[in-house]
Amino acid sequence: MTALDSLPPSDGRPELVVLRAIKLGDLLVAVPALHALRRAFPDHRISLATTAWLAPLVELIPSVDVHLAQQGFDHPIGVPPGVTDVAVNLHGAGPESEDLVAALGARRVIHHGAGGPTWDTGTVNERERWTALLRAYDVDADADDVAIDRPDDPPVVDGAAVVHVGAFHGARHWPVDRFAEVVRGLRERGHDVVLTGGPADVERATAVAEGAGLPPGAVLAGVLDLRAFAAVVAAARVVVTVDTGAAHLASAYGIPSVVLFGPAPPESWGPPASGPHVVLTDASVRRGEVFSEEPDPAILAVHAADVLAAVDGLGVQGRTDAAADR
């Protein structure tokens with residue numbers, strides 16, 4: 001699915017437009033709400049206005065028909081005024097997002113504020129925030145309905161333990177030597193380990209590989225595009241990651257995961273309690289400075305032994321064949 005600058009010609013269905021223009025994890029926590037909208041409006045064409053680079057993931061969300069490229073708030077949503085039947089603000093409750101949605105001139109608007117529920121400023125699970133919004137408008141929604149489609153392309157590695165070393169900000173960075181210790185422990189348990197991350201994480205991933213004795217081919221950071229990354233996570237035996245998009249992908253595919261939290265509270269951004277996931281953090285020392293470049297004490301309180309014990313507790317078995325020795 002290509003991200004389009006403007007709404008394509010009508011296919012005869014009423015138009016439903018959703019705004020959610022942020023990053024990968026932010027998109028994935030909105031998936032339960034998108035599924036609910038599809039069930040509630042089966043005869044509408046659903047367009048999602050979100051960040052263009054997310055296109056490979058948007059096409060894996062079966063509830064979305066059209067991806068409209070929305071790079072922040074500096075331009076209108078690419079839909080002519082007055083053609084939208086239902087507009088939904090799944091982005092926020094501030095004036096920027098509200099103005100973009102209001103400019104659509106929709107017959108019906110689903111949003112926080114006037115005519116809708118009040119924005120909860122407390123600690124709220126983000127999946128629940130958006131499904132609760134829909135329920136306030138009599139749309140049945142389940143916050144644990146997180147599944148997305150798996151890519152058709154085969155993964156570059158199947159059945160690996162995926163260790164995701166990257167994060168957008170240093171506040172979520174976990175020490176390289178601890179990642180390396182986890183990798184060594186996973187290999188001792190028979191796991192074939194690969195290291196993932198974005199282009200900015202190549203240096204960290206390489207350092208982890210060197211510290212753990214992994215071959216260079218195990219470093220997939222900066223190598224995989226978003227769709228190939230999703231395929232690797234969907235085929236993983238277990239995912240070890242900090243609180244970032246990789247954690248939400250593991251939730252979307254029901255892959256056992258161990259998620260390390262730093263500045264953000266897991267009560268808001270953690271995986272579904274119903275899934276095979278373990279959260280590790282120490283809220284008592286959390287500083288909570290999300291955009292800091294210094295690791296938050298809450299994530300530094302987690303040690304490699306904690307992560308390996310969590311993997312053992314999930315009951316994930318490593319391989320017993322020679323592939324685990326790569």
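Basis for what follows: all heavy atoms, side chains included, without hydrogens, waters or symmetry-related copies.
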Closest non-hydrogen atom pair, A21 against Q70: CB-O, 3.5 Å
Heavy-atom closest contact (L186 atom, A161 atom, distance): CD1-CB, 4.2 Å
Could you tell me if [Y] and [X] have a donor-acceptor pair between their side chains, going purely by distance under 3.5 Å?
| X | Y | value |
| --- | --- | --- |
| H67 | E59 | no |
| T84 | R107 | no |
| N125 | S268 | no |

CA sep, side-chain torsions, deciding dist, call: L220, V156, side chain to side chain contact (heavy atoms under 4.5 Å, CB included): CA-CA 10 Å; L220 300 182; V156 299; 4.1 Å; yes
First locate atom [atom1] of [X], then atom [atom2] of [Y], and finally report the distance between them rounded to the nearest 0.5 Å.
| X | Y | atom1 | atom2 | answer |
| --- | --- | --- | --- | --- |
| I61 | T50 | CD1 | OG1 | 8.5 Å |
| L134 | D142 | CG | CG | 12.0 Å |
| W174 | L280 | CH2 | CG | 8.5 Å |
| D243 | W269 | CG | CH2 | 8.5 Å |
| H75 | Q71 | NE2 | CD | 5.5 Å |

From CA spacing to verdict: side-chain hydrogen bond (donor to acceptor under 3.5 Å, both in side chains), R172, T244: CA-CA 8 Å; R172 302 184 188 190; T244 189; 5.0 Å; no
Min side-chain heavy-atom separation [X]-[Y] under 4.5 Å:
| X | Y | answer |
| --- | --- | --- |
| H35 | R39 | yes |
| L249 | L57 | yes |
| V146 | P272 | yes |
| D65 | L48 | no |

Between H112 and W130, ring centroids under 6.0 Å: yes
E96 CD: over 12 foreign heavy atoms closer than 6.0 Å: yes
D5 atom CG, neighbour heavy-atom count above 12 within 6.0 Å: no
Side chain to side chain contact (heavy atoms under 4.5 Å, CB included) between L133 and W119, worked out: CA-CA 9 Å; L133 169 65; W119 181 269; over 6 Å; no
Residues H164, F229; criterion ring-ring contact (aromatic ring centres under 6.0 Å, His included); working and verdict: CA-CA 11 Å; H164 189 80; F229 176 47; 5.3 Å; yes
Parallel, tilted or perpendicular: ring planes of F73 versus H91, cut at 30 and 60 degrees: perpendicular
V101/H111 under side chain to side chain contact (heavy atoms under 4.5 Å, CB included): CA gap, chis, key distance, verdict: CA-CA 9 Å; V101 171; H111 65 149; 5.8 Å; no
Exam field: side chain R178 to backbone A304, donor-acceptor pair closer than 3.5 Å: no
Salt bridge (charged side-chain N to carboxylate O under 4.0 Å, His left out) between R38 and D145, worked out: CA-CA 12 Å; R38 170 53 72 204; D145 188 10; over 6 Å; no
Sequence-distant partners of A205, side chain to side chain contact (heavy atoms under 4.5 Å, CB included), two or more places apart: V165, L195, V219, A221
Passing option when E126 is tested against V29, L28, D26 for side chain to side chain contact (heavy atoms under 4.5 Å, CB included): V29
